[in-house]
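Throughout, residue positions are numbered sequentially from 1 according to the sequence presented.
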Amino acid sequence: MNAPQSDFANGCGLDVALAAMGGKWKPLILYHLRSGPRRFSELKRAVAGISEKVLIQQLRELASAEVLVRHDYCEVPPKVDYAVTPFGMTLIEALLPLCEWGVRNRNRASAIDEARRI
């Protein structure tokens, strides 16, 4: 017998993981921060297609979830960068298998997406 959906979510922790990094942009932001701190403008260029407003919002949410930290250097002109916390690195480690899956299945997923458009 299958467990109810709510039991599955509560038992496996997907609700916690998705609350911390859910959405289209947060996993991409984390991916680009995995190798070290980045400034806002670097992230804006790295995460293609994200608006400045959404990037600011997503960075704030990740910081409030203690997944990343914002470091303000209190300089003129302003200098701010973002870095992943040790807690955030555990989340990135969990996301890396999804990255690998996407790389392995990119062609198949693209073909399926193209077939849907026809």
Side-chain angles (χ1 to χ4, degrees):
M1 180 181 256
N2 292 337
Q5 186 67 19
S6 62
D7 290 344
F8 173 77
N10 291 331
C12 78
L14 277 175
D15 54 340
V16 176
L18 290 174
M21 57 56 94
K24 175 180 179 179
W25 300 111
K26 289 178 187 172
L28 294 170
I29 293 167
L30 290 174
Y31 176 81
H32 290 290
L33 284 170
R34 79 194 184 292
S35 58
R38 294 244 184 142
R39 295 185 65 178
F40 181 86
S41 58
E42 292 175 305
L43 286 171
K44 176 83 171 76
R45 284 190 301 272
V47 183
I50 192 169
S51 71
E52 200 166 298
K53 176 185 174 185
V54 171
L55 179 57
I56 291 167
Q57 176 186 6
Q58 299 292 285
L59 289 168
R60 285 183 181 155
E61 289 175 12
L62 287 165
S64 71
E66 299 180 3
V67 172
L68 61 81
V69 63
R70 179 183 188 268
H71 184 238
D72 186 344
Y73 291 87
C74 298
E75 296 177 357
V76 175
K79 180 180 177 185
V80 175
D81 67 25
Y82 298 87
V84 178
T85 64
F87 176 61
M89 283 306 291
T90 64
L91 184 55
I92 290 173
E93 290 168 10
L95 289 171
L96 288 177
L98 276 175
C99 290
E100 293 167 8
W101 182 90
V103 169
R104 283 192 314 270
N105 293 286
R106 183 181 313 272
N107 291 339
R108 183 175 181 181
S110 294
I112 291 169
D113 188 43
E114 186 63 33
R116 285 184 188 150
R117 289 187 208 157
I118 296 174

* Structure fact -> Output for pair (L33 CG, L59 CG), nearest 0.5 Å, gives 7.5 Å

Going by atom type alone, with no hydrogens or angles, which donor-acceptor pairs under 3.5 Å involve a side-chain atom of residues 94-110 and a protein atom two or more places apart or on another chain?
residue, atom, partner, partner atom, Å
N105, ND2, W101, O, 2.9
S110, OG, R106, O, 3.0

* Asked: Would Y31 end up clustered with L91 when hydrophobic side chains under 4.5 Å apart are linked, directly or stepwise?
  -> no

* Check whether more than 12 heavy atoms from other residues, nucleotides or ligands sit under 6.0 Å from atom CZ of F40, and answer yes or no. => yes

* List in chain and number order the residues that pass side chain to side chain contact (heavy atoms under 4.5 Å, CB included) with T85, two or more places apart in sequence or in another chain; answer none if no residue qualifies. => V69, F87

Expected list for residues 42-52: side-chain donor-acceptor pairs under 3.5 angstrom, two or more places apart:
residue, atom, partner, partner atom, Å
E42, OE1, R39, N, 2.7
K44, NZ, I50, O, 2.9
S51, OG, V54, N, 3.2

* To do: Would you please name every residue forming a ring-ring contact (aromatic ring centres under 6.0 Å, His included) with H71, sequence neighbours left out?
  => Y73

* **Summary of side chain to side chain donor-acceptor pair (under 3.5 Å) pairs that have at least one residue in residues 57-68, sequence neighbours excluded** => K26-E61, Q57-E61

* Hey, could you give me the CG/CD distance between L30 and E93, rounded to the nearest 0.5 Å? => 12.0 Å

* Just wondering, more than 12 heavy atoms not from K24 lying within 6.0 Å of its NZ? -> no

* **Residues that R116 engages under side chain to side chain contact (heavy atoms under 4.5 Å, CB included), provided they are two or more places apart** => I112

* Asked: Tell me, do L55 and I29 make a side-chain contact under 4.5 Å, heavy atoms counted?
  -> yes

